[in-house]
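It should be emphasised that the depicted structure is a prediction, and the values quoted were computed from it without experimental measurement.
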Amino acid sequence: MPARQNADRRIRAIRAGAASATAVMIAGASHTLAGGAAPPAWLMLAVIILAWPLALTLVSRRASTARTAAVVAVAQVLLHTAFAMVGTGSPEGLGHHTHGIVELSAVTGTAAVHPSMVVGHILAAIVTTAAVRHGERLLAVIAAGVRAILPTVPVPLPAPSSVPATVTAYAAPHSSPVFLTGLSRRGPPS
């Protein structure tokens with residue numbers, strides 16, 4: 001395989017990892033800000049790893065904004081479900097949506113999602129779509145701005161000391177017969 005194709009695959013894999021991490025982090029933050037329990041770190045990491053292949057299919061070819069938005073919307077629903085099922089991650093909280101955003105109707109057995117949670121995940125989907133579509137360009141603009149703000153004058157390094165460093169000889173400790181008496185000469189017969 002030519003080196004160029006190999007490098008392109010590595011770049012796509014890195015971009016996919018960044019896209020999946022961005023999507024999961026934004027979803028976790030919006031879920032928490034909308035009133036949900038903060039997802040545990042292990043869940044966030046597991047979902048990032050599981051979302052990586054899906055993100056790789058998105059960055060493998062130039063996807064339209066509509067396609068990206070559709071995939072991100074589906075991902076938001078799945079991420080909310082994962083966050084809701086795990087809750088805070090404590091053993092007593094597993095399987096319970098402890099913050100009251102999902103209320104199970106005893107009569108119909110259906111779940112009702114609180115409007116703030118819906119709005120939070122819709123906003124997260126919009127931000128994630130924009131980040132995935134324009135993230136690299138945004139990072140390039142930010143980097144150019146930081147370079148413009150930082151001084152371009154090289155910072156002088158301190159002059160080396162004119163006093164030569166002295167080297168002290170290290171004397172190994174003398175072997176004492178007291179320490180050698182504990183040595184065993186036992187072994188297999190020769």
| message | Minimum heavy-atom separation for Ala125 and Gln76, please, with both atom names. | response | CB-CG, 3.8 Å
| Atom pair CG/CG of Leu33 and Leu123 - distance to nearest 0.5 Å | 10.5 Å
| task | For residues Leu43 and Phe83, report the shortest heavy-atom separation together with the two atoms involved. | result | CD2-CD2, 3.6 Å
| said: Tell me if a side-chain donor or acceptor on Ser20 pairs with a main-chain N or O of Ala51 at a distance below 3.5 Å. | reply: no
| remark: Thr22 and Ala131 have their tightest heavy-atom pair at CG2-CB, 3.9 Å
| message | Rounded at 0.5 Å granularity, tell me how far CZ in Arg9 sits from CG in Leu56. | response | 10.0 Å
| said: Minimum heavy-atom separation for Ala23 and Leu79, please, with both atom names. | reply: O-CD1, 4.1 Å
| Side-chain donor/acceptor of Trp52 to backbone N/O of Val47, under 3.5 Å | no
| According to a 4.5 Å side-chain heavy-atom criterion applied to Ile, Leu, Val, Met, Phe, Trp and Tyr, with indirect links allowed, do Val118 and Ile126 form part of one hydrophobic cluster? | yes
| message | According to a hydrophobic-cluster definition based on side-chain heavy atoms being under 4.5 Å apart (Ile, Leu, Val, Met, Phe, Trp, Tyr only), do Ile149 and Val141 belong together? | response | no
| field | Nearest-0.5 Å distance that lies between atom OG1 in Thr129 and atom NE2 in His134 | value | 9.5 Å
| said: On a heavy-atom basis, which atom in Ser30 and which in His121 lie closest, and how many Å separate them? | reply: OG-ND1, 3.8 Å
| task | Please round to the nearest 0.5 Å and tell me the distance separating atom CE of Met85 and atom NE2 of His80. | result | 11.0 Å
| message | Same cluster or not: Ile48 versus Trp42, using hydrophobic residues (I, L, V, M, F, W, Y) connected whenever any side-chain heavy atoms lie under 4.5 Å apart? | response | yes
